[in-house]
Amino acid sequence: MEGIFTEKDYYAQHFLPKDYLETYYTFGDEKDAEKALLTFSLKNLHQAFTLDRIKGDTLIDIGCGPCIHQHLSACEAFREIVATDYADQNREELQRWLRKEPGAFDWSPVVKYVCELEGDREKWAEKEELLRKTIKQVLKCDVTLPNPLAPVVLPPADCLLSSLCLEGACKDLPTFCSALKNIGSLLKPGGHLVLYSILEETFYMVGQRRFSCLYLERKFLEDAVVQAGFEIKWIKEAQFNFPLSVTDAKATCTVVAQKRPC
């Protein structure tokens, strides 16, 4: 697939949630870069939702994949989380965890880490149950559509979260800018955007499959967020050294922004 951008149909056919989770979301000692990437994300989400007290009734997560880690701080701050993803298999993997099915991915080490950030590592089981109650809907999304949740129409949300999604779904920079505006339409004026993105990456591996990533630089990302109608509140960046057998990513950043009044 080198040289051809792996768009949504390729994800639908070939993306394996279990392989993805085992590669990027386990706290193995031999996975220093992957662990650093995950903990950087978790600390920034803790900053946004726990320390900065971004809160409200509804949070929509665009491109959740098969993951729940990005909701662990947010579930304390929102009455309802709507998780969305394009790939059917990702939504099903998430549902397995929600239903406590045998063989579902074990998120407990990650949950314990977030609870430790919050001051009580031993509350991890309570945290898992709260999250299961807070995720009210799991929906299909397509960020290239004017309404990414079509045909579903939801009231504007208080917060929009998107982690490692747009750069995998958008084949070029104009498409990225359009997608950012599309997802922004789901947010009420004054609502917050929490965007977690990979910088300077062209591919990442899931099992034996190579998936494309849109090459982004920080300055472009900042400009795109502003042009999509947001005011940036803060941005944090970290550098990483991944083995090329996994990805060629150089950095990652979290952007927290507020939607400007219409």
Side-chain angles (χ1 to χ4, degrees), residues 8 11 15 17 20-21 24-25 37-38 41-42 44-50 52 54-98 105 107 110-111 114 127-128 130-145 147-150 152-170 179-188 191-198 225 228 230 252-259:
K8 56 189 178 183
Y11 273 84
F15 193 88
Y20 177 70
L21 294 172
Y24 297 100
Y25 296 96
L37 182 72
L38 176 57
S41 169
L42 295 173
N44 287 336
L45 292 166
H46 173 71
Q47 171 76 45
F49 296 118
T50 305
D52 291 354
I54 293 174
K55 60 184 179 179
D57 288 328
T58 304
L59 177 147
I60 299 175
D61 181 9
I62 296 293
C64 63
C67 302
I68 59 96
H69 70 284
Q70 68 272 34
H71 305 145
L72 292 170
S73 295
C75 71
E76 306 281 352
F78 291 87
R79 181 180 57 82
E80 174 184 29
I81 293 175
V82 179
T84 76
D85 198 78
Y86 182 81
D88 296 346
Q89 64 269 36
N90 283 341
R91 299 195 309 277
E92 180 55 33
E93 184 65 34
L94 173 58
Q95 293 278 19
R96 287 192 189 98
W97 184 84
L98 292 174
F105 187 72
W107 285 101
V110 177
V111 181
V114 173
K127 169 81 77 175
E128 287 193 348
L130 175 62
L131 180 53
R132 288 187 171 99
K133 292 177 182 177
T134 305
I135 297 177
K136 304 293 188 183
Q137 299 184 74
V138 180
L139 302 176
K140 189 178 183 72
C141 74
D142 183 343
V143 299
T144 65
L145 299 177
N147 171 17
L149 305 182
V152 176
V153 177
L154 295 181
D158 300 288
C159 185
L160 193 66
L161 170 66
S162 189
S163 177
L164 308 179
C165 169
L166 299 186
E167 55 269 46
C170 301
L180 193 53
K181 292 176 181 177
N182 291 342
I183 68 172
S185 70
L186 303 172
L187 188 64
K188 63 177 61 171
H192 286 87
L193 168 71
V194 180
L195 182 66
Y196 182 61
S197 296
I198 286 285
V225 170
F230 294 91
T252 185
C253 73
T254 300
V255 181
V256 172
Q258 193 167 19
K259 187 174 181 178

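Positions are given from 1 along the sequence.
Taking the six-membered ring for Trp and thresholds of 30 and 60 degrees, F49 and F78 have ring planes more than 60 degrees apart, a perpendicular arrangement. W107 and F105 have perpendicular rings, their planes meeting at more than 60° on a 0 to 90° scale where under 30° would count as parallel.
Smallest separation of non-hydrogen atoms from L193 and L187: N-CD2, 4.2 Å. Taking each heavy atom of C141 and L149 in turn, the nearest pair found is CB-CD2, 3.7 Å. Nearest approach of N147 to V152, heavy atoms of both residues: ND2-O, 2.9 Å. When all heavy atoms of C75 and L130 are compared, the pair lying nearest together is O-CD2, 3.7 Å.
The side-chain hydrogen bond (donor to acceptor under 3.5 Å, both in side chains) pairs that include a residue from residues 156-170 are D158-K188, where partners are two or more places apart or lie in different chains.
Here the side chain of K127 pairs no donor or acceptor atom with the backbone of V111 at under 3.5 angstrom. At least one donor-acceptor pair closer than 3.5 Å links the side chain of D85 to the backbone N or O of A87. Not one N or O on the side chain of E80 forms a donor-acceptor pair closer than 3.5 Å with the backbone of Q137. N182 places a side-chain N or O within 3.5 Å of a backbone atom of V143 that can act as its donor or acceptor partner. Listed for the R91 side chain is no donor-acceptor partner under 3.5 Å among the backbone atoms of A83. Within the 3.5 Å criterion, the main-chain N or O of T50 finds no donor-acceptor partner in the side chain of E76. Side-chain atoms of T84 come within 3.5 Å of backbone N or O of D61 as a donor-acceptor pair.
Going from atom NZ of K259 over to atom CG of L160 covers 9.0 Å, rounded to the nearest 0.5 Å. For the atom pair CD (Q70) and CD1 (I68), the distance works out to 7.5 Å, reported to the nearest 0.5 Å. Going from atom CG of L180 over to atom OG of S185 covers 10.5 Å, rounded to the nearest 0.5 Å. Rounding to the nearest 0.5 angstrom, the gap separating the CD atom in E128 from the CG atom in L98 is 10.5 Å. Atom CG in L164 sits 6.0 Å away from atom OG1 in T252 (nearest 0.5 Å). Separating the CD1 atom in I183 from the CG atom in L145 is a distance of 13.0 Å, to the nearest 0.5 Å.
For K140, the NZ atom sits in a packed shell: over 12 heavy atoms of surrounding residues, nucleotides or ligands are nearer than 6.0 Å.
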Query - Intermediate values then yes/no, side chain to side chain contact (heavy atoms under 4.5 Å, CB included), Y25 and H69 - result: CA-CA 9 Å; Y25 296 96; H69 70 284; 3.3 Å; yes
Requested in this report: Check the pair H71, T134 against side chain to side chain contact (heavy atoms under 4.5 Å, CB included), reporting the backbone distance first and the verdict last.
Outcome: CA-CA 9 Å; H71 305 145; T134 305; over 6 Å; no
Report task. List the steps and the verdict of side chain to side chain contact (heavy atoms under 4.5 Å, CB included) for V255 and F230. Result -> CA-CA 11 Å; V255 181; F230 294 91; over 6 Å; no
Query raised in the report: Does the side chain to side chain contact (heavy atoms under 4.5 Å, CB included) test come out yes or no for N90 and C64, once each step is laid out?
Result: CA-CA 8 Å; N90 283 341; C64 63; over 6 Å; no
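Not counting sequence neighbours, the partners of Q258 by the side chain to side chain contact (heavy atoms under 4.5 Å, CB included) test are H192, K233.
With contacts defined as side-chain heavy-atom distances shorter than 4.5 Å, the pair C67/Y20 qualifies. Within the 4.5 Å cutoff, the side chain of L166 has no heavy atoms near those of the S197 side chain. Side-chain atoms of N44 and V194, non-hydrogen and from C-beta on, never get closer than 4.5 Å to each other.
Exactly one of L195, I60, L45 qualifies for a side-chain contact (heavy atoms from CB on, under 4.5 Å) with L161. That residue is L45. None of L154, V138, L186, L59 except one satisfies the side-chain contact (heavy atoms from CB on, under 4.5 Å) rule with V82; the exception is L154.
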